[in-house]
Structure formats: structure tokens, C-alpha cells
Number of protein chains: 2
Amino acid sequence: MARRANPTPSTDLDARKATILEAVVAEHIDTAQPVGSSSVASNADLGVSPATVRSEMVSLEREGYLAQPHTSAGRIPTDKGYRYFVDHLQSGVLGAPQQHQLADFFANVRGEVEDVLEQTSTLLSQMTNYTAMVLGATHAHATIMSAQLVNLDAHHQLLVAVFSDGSVIKHSLNPVFDVDYETCAEASRQLNALLIGTTLESPVQVPSRHDHVAQLVRDAVATLHAQEPTVDGEQVFIGGSSRVAESFEGVETVRKVLSILEQELLVVGLVQDMLSRGLSVAIGSEVGYEPLSTCAVVVAPVTIDGAPAGAVGLLGPTRMKYQEAMAAAGAVSQHLARHFGGDEDHDH
Amino acid sequence: MARRANPTPSTDLDARKATILEAVVAEHIDTAQPVGSSSVASNADLGVSPATVRSEMVSLEREGYLAQPHTSAGRIPTDKGYRYFVDHLQSGVLGAPQQHQLADFFANVRGEVEDVLEQTSTLLSQMTNYTAMVLGATHAHATIMSAQLVNLDAHHQLLVAVFSDGSVIKHSLNPVFDVDYETCAEASRQLNALLIGTTLESPVQVPSRHDHVAQLVRDAVATLHAQEPTVDGEQVFIGGSSRVAESFEGVETVRKVLSILEQELLVVGLVQDMLSRGLSVAIGSEVGYEPLSTCAVVVAPVTIDGAPAGAVGLLGPTRMKYQEAMAAAGAVSQHLARHFGGDEDHDH
DNA sequence: GGCTGGCACTCAGTACAATTGAGTGCTAAC
DNA sequence: GTTAGCACTCAATTGTACTGAGTGCCAGCC
């Protein structure tokens, strides 16, 4: 199934060139070494001599699909070469043992959403040997089931909101005036009446009075609604960041990649950006962050009832095993969707 | 201030040997190279020739403080050598710019406890160039300010408990029987009456009736109390894991260390173990995990009103800058204690 | 007795040349 | 259009010699 969402639509190559390109990419992914004409000639079974392959490779290099580290070496794929390869990849299927592993995991996993996502990221990383990213759904569309104001002391209140998807937000308020137990309880009561059943996106009619209760309520609602526009609502779980050390050579690259992974907002942005561009694979420069120019990222959205509910992703070197990675990410995203979506038959 | 809590009390060395050992350690920390007799003779100002230094070094090597990578190289410290060095280190003071940075940070930081701790870990890591660990307090001693049961649907309830320290725990219940709104609300009311003002350690008199409300209440209390014994209550924030790539050479080491850092429970265990052994520095094998045998860990407890409230730590190579690291960890732990402890004059 | 200068010795690291071999580009013949 | 043949390139490997930092030991000195 050719996926054709690439930004620079690669002019289609004739059959032989395509075969050669794919052979080069496949072998380089496997061996991490430059690939020579002779091994292509023998492995890819076009009945053709190395010399012929060579002249085709020259042409592939001219067109920007391949590159040569130095004159007397084989070819390695460029980002464009990988892109062609990925676009013309038929989607693979997950190996049976991995399918079992997945099924097992989701059959037995318990606990809060966060824990499940966290563990999923570890699992996905173990399955693929790449670093895994799991984005939790934003609660933009979940309705509020409870909103409560807890009086910690005279000028510290904690706003705790519970959503229909089981997520909980807390936020502290520090009003300038003193708040006694009664005021807080009354504000809490009003908040509940005001917010239950709404989403973070619904407009809410806040009281315009000037008493302390009304001020508290206004403050709480504002805090809550202010939360959404920032990407803050998204949770990211990163599993197997130690894989970075295996995937890349050169301390400096490892450091750069790790330090990107530390910035969770950046990771969220990256994945969401890919999703919004309709990309399921970003290769090298396509990723959009210079320090990640030797990386490839595979993402798969998680969709529940047609609505986006998160995503899973994998980060590896450009010479990553795309087929496996895409299969794994896809399978995990489906399992997640089923796990959290068809929650009706949840504990069978 | 000699710190003498080391497990194998090092027999004291005579003044000259001590000076030499310290010079070797200091220089090796600085240069990462084996240190030769001549540079010690010229840098440490004991008016003595390299030859004399050499014979002392032989004896230091015999006693296990130094080691030689190969015959014709200088000496590097063993774990025991570092231990002696650390034990005889006078506690340093933080540099003025760093003190300012810290003061600035804590003067301006806002937001939830978790956010502050998270940011603190990043800050500490930036200050030292090592990986920082910040352990959040357990809420074992905080009293419950609110306990609420939210009815997500007929057999999914969410237990949300708010503690006096502003932390929130959530946990889902999946009773086998159907729960309607009223039952849930009643259980919630009873829970509140039962739990408010208690800590997770206080015994609680649960209702022994057999109706659904009582069952829910029992279930909720059990879930809540079951939580503590696991280290689950501790939160860890790890900042600057990318520093690992700089601190160690050898991909394999980097991978091992990173994969340890991924296991948060393990990190918590490690730090708490050190604290309980009264250690503020663990060197190499003292750390207690084989994969960390080339690491050193510096910890400083955070104490609020005399009670342990968390800890901060730094992880680096055995040749880490102990004085700086200890000073930074100490300063940060004190700032944290002041920030969360003397909360009275909080927003000045 | 402790310190030191002198000396022979060791050995990682470096530098350099020679060799190897994988792989290329080109061309002439099929 | 394909291919065999060939000269060429150049990273990687091997071998050799050299350097120099550092050692251990010892005889003489204070």
C-alpha cells in the first residue's frame, strides 16, 4: 500500500532503479554500511551485472536518492532515498510473538490511565528497540464530573477537577484575601453547579458579584480554562530513552537527542505537527528540528470514536526498520484505542 | 568538616601521603588522565622530589587508594581513594553567580509542587552539569483534607483524595455491582467523614455493614491505605539525563546508566537506601548497583520541621566534582526546605 | 634513615609507509 | 543497452619505528 503524503513528491523511478534503490536502502538499514554495486546485483534478483547496477546508481545519485561517503565506497541512502523507500513500502504485519506480547499486555494491564500509557511506552520500546513516545489524550472534550475547592489554609485553596475520562487536574489558588472554611465550601458548591457537565471549551456564565465567594469562583474557572490553550493538557510518556545510546553513534548526537527528549513540550509539538501535516513518518530534515536531522520518527494516531485521542510514536536513526516500527506503532495505537474506547466490555 | 560515615573506615594516612593522594584525586578529576609523580611533586607544594612521591605512591597503591592502568602510566584513584578524598573534603561554598541563580529561581517560581520539583531538577542539573534527581515528599504524614468518590459510570468510580500538602491522589474502583449516583454520593459523604483529618497511616474504623455503600467505602479506604507501603507515593523528577552522555565514555556505560534512570522505583530505592545508611556520597561500588559501578551519587535530604520531606541528588562519574556537587545539592535542598516549609511568608 | 638524582626499563600513543581490498568510473566490445 | 575488463581511488589495516611520559630501583648524600 503505497503511502503518498510526502512533501516533495518523488518523481517515479523506473522499475529497475526502484528495485536497486530499495535494495540499497534495505541492506544499509540492515548492515549500517555503505552498499556496493556487486552485493545489490547478487541480492536483488534482476539478472544484471554489477556494472549495470553501477551506472544506475550514478543516475540515482544524480537525482539525489543516494550519496557516496567517499569515492571508493558504496552508496548510502539520502533522506530522499529513505522517503522513496518508505513511500513504496507495503505495510508489514507484526510478528506473531510480538502480537501475543501485545495482546497479553493489554489483557492484563490494570490501573490508572497514566500508568497504562507509561507502561505502554516501555512495552513499545522493548518491542522495537527504539525510543517510544506515547501521547495521552487531552481532556478538551471530556466533561467535568466534579469540581471542588479544598481549603488548605486561609490563603491556599486547591482546585481539583475530575473529568469523565478519569483524569484529574489540580491547581492551586492563592487569593489575596483570607478565606474561611465556609466561604470555600460555598465557592466549591457553586463551582460544581457551574461546571459539572461542561467541557473545558464550553463557555461558562461566571457570577459578577464582588464578594469573596464570587471572586474565588471566577478565579477558579479562569484558572481552569486558561489551562487548555497551552499544550499542558497533553501528557507524554517516553519509554526506552536508553535506546538512544544504541541507535546513534557519537556522544554528541546522543546528547542532543536526549536533550530534545527531555523537553516534553517539544516532543508533543513535534508529534502533533507531524499529525497535522498528515505524516506518519518523518525522515531526517522532515522532522523539523536540526538536532534530529539524523533521526526518523514514526507516529500513529490513536482515534477513539473518530476523535483524536492521542498518539504513539517511535524515534530511531534514519536507518530504522521502518516496516517493523510502523507495524508496531500501528498495532499499539489500535490496542490503545480499543482498550480505552470499547471500554464497555472492559474487564472480561 | 571531615565527614566520617563511610562503611570501611579508612585508616588515617600520614600527612604527606594524604597530601599526595588528594593531589592525585584532584588532578585526575580535573583532567581525567592518570596522574604522574612529577606533576604531583610540582603542584602539591611539599618540597619533595618526584622520586619520593613515587615511593609514596607505591605504598598508596599497596594500600588500595590508587591504581595503575598500565605499568608506564600515572596513577588513578580507586573508589577507596575517592572515598578518602571525599571524607577529608572541607565543605565548599557555592559560587556567587550560582547562589544568585538559585535565589532568583526560588524567588520567582510558581505553580504546583510537582512543577516546582521538576523545574528544580532541571536547574540543579544545569548548575552542575550532572544528572539531577529530586525526590518529592511522601504524603505519609500529610492529613487528608478531602476524600471524594466520583461516579464515572455504573461500575467505574474514581477516588480522589486531597492532602494538606496540596498533593492529590486518584485511584479508580471497579466494583462488581452497579453503582448509582445516590449510592456513590452517600459513600463519598461517609468517606469524607471517615478520612478527613487522618493520615494514610492512621487506623480507620470502616463500616462492617454489607450494603453497597459500605462496600464502596471499605474498598476505597483499602485502596488508599494499600498505596503507601509501595514506594509509589514518592515522586521522582530526573533532570538532565542527557548529561549522562557527556559524563561517561563508552556507549555501553551510557546505555546502562540511562536504563537505570528510566526505572524510577530503582532510583527512589537507591537514594532512600543511601539516606538510611547515613551516606551523603556513594562512590562506585558503594552505590550498590553493579551497572553504576563507575558512578558516584551525591544526595542531600530535604528536611522540613525536622521531618524528612524528600531529597535531592546528583549522579555523575566517580571522578565528579564532589565539592561543587555537594555544595549545589546542599544549597538546593535548603532552598526547597525553605520554599515549602516556611510557607508562611510565601508570597512576599 | 629518609631523600634524591640517575638510570634502565616499560609501554601506550603516534606517526608513517606499505599493503590490502572493496568499490568505483570509464571504455571497448558484444 | 549490457557487460567484461581495467585502471584508479581511498578507507582501513598492518607493520615498524619512534617518542616520551612515567615507572622501579639503587647508590650516594644529608
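All chains are named by letter (A, B, ...) in the order of the sequence lines, taking the proteins before the strands, and each is independently numbered beginning at 1. Values in this document were obtained by computation on a predicted structure and should not be read as measured data.
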Spacing between A:Arg62 atom CZ and C:dG25 atom P, to the nearest angstrom: 10 Å
Rounded distance (Å) that lies between atom C1' of D:dT2 and atom CD1 of A:Ile20: 13 Å
A:Ser72, nearest nucleotide to its side chain (from C:dG25, C:dC11, C:dA22): C:dA22
Minimum heavy-atom distance A:Pro34-A:Pro69, with the two atoms named: CG-CG, 4.0 Å
From A:Ile238 atom CD1 to A:Thr122 atom OG1, the distance as rounded to the nearest 0.5 Å: 11.5 Å
Whole-Å distance separating the CD1 atom of B:Ile76 from the P atom of C:dA12: 14 Å
Residues A:Glu56 and A:Thr52: side-chain donor-acceptor under 3.5 angstrom: no
Spacing between B:Gln68 atom CD and C:dA12 atom C1', to the nearest angstrom: 13 Å
Touch class at under 4.0 angstrom, heavy-atom based, for B:Thr52 against every strand present: base
Distance below 4.0 Å between B:Ser37 side-chain N/O and D:dT23 OP1 or OP2: yes
Atom-pair distance (NE2 on B:His70; C1' on D:dG22), nearest Å: 8 Å
Residue pair A:Glu63 / A:Ser59, side-chain donor-acceptor N/O under 3.5 Å: yes
A:Arg83 (side chain) donor-acceptor with A:Val281 (main chain) under 3.5 angstrom: yes
OP1 or OP2 of C:dT24 under 4.0 Å from side-chain N/O of A:Arg75: yes
Candidate nucleotides C:dC11, D:dC10, D:dG24, ranked by approach to the side chain of B:Thr71 - the nearest: C:dC11
Whole-Å gap separating P (C:dG1) and CZ (B:Arg16): 16 Å
Integer-rounded Å distance: D:dT2 C1' and A:Glu56 CD: 11 Å
Interatomic distance where CG belongs to A:Leu66 and C1' belongs to C:dT24 [whole Å]: 14 Å
Along DNA chain C (nearest heavy atom to each residue), the more 5'-positioned of A:Val35 and B:Val48: B:Val48
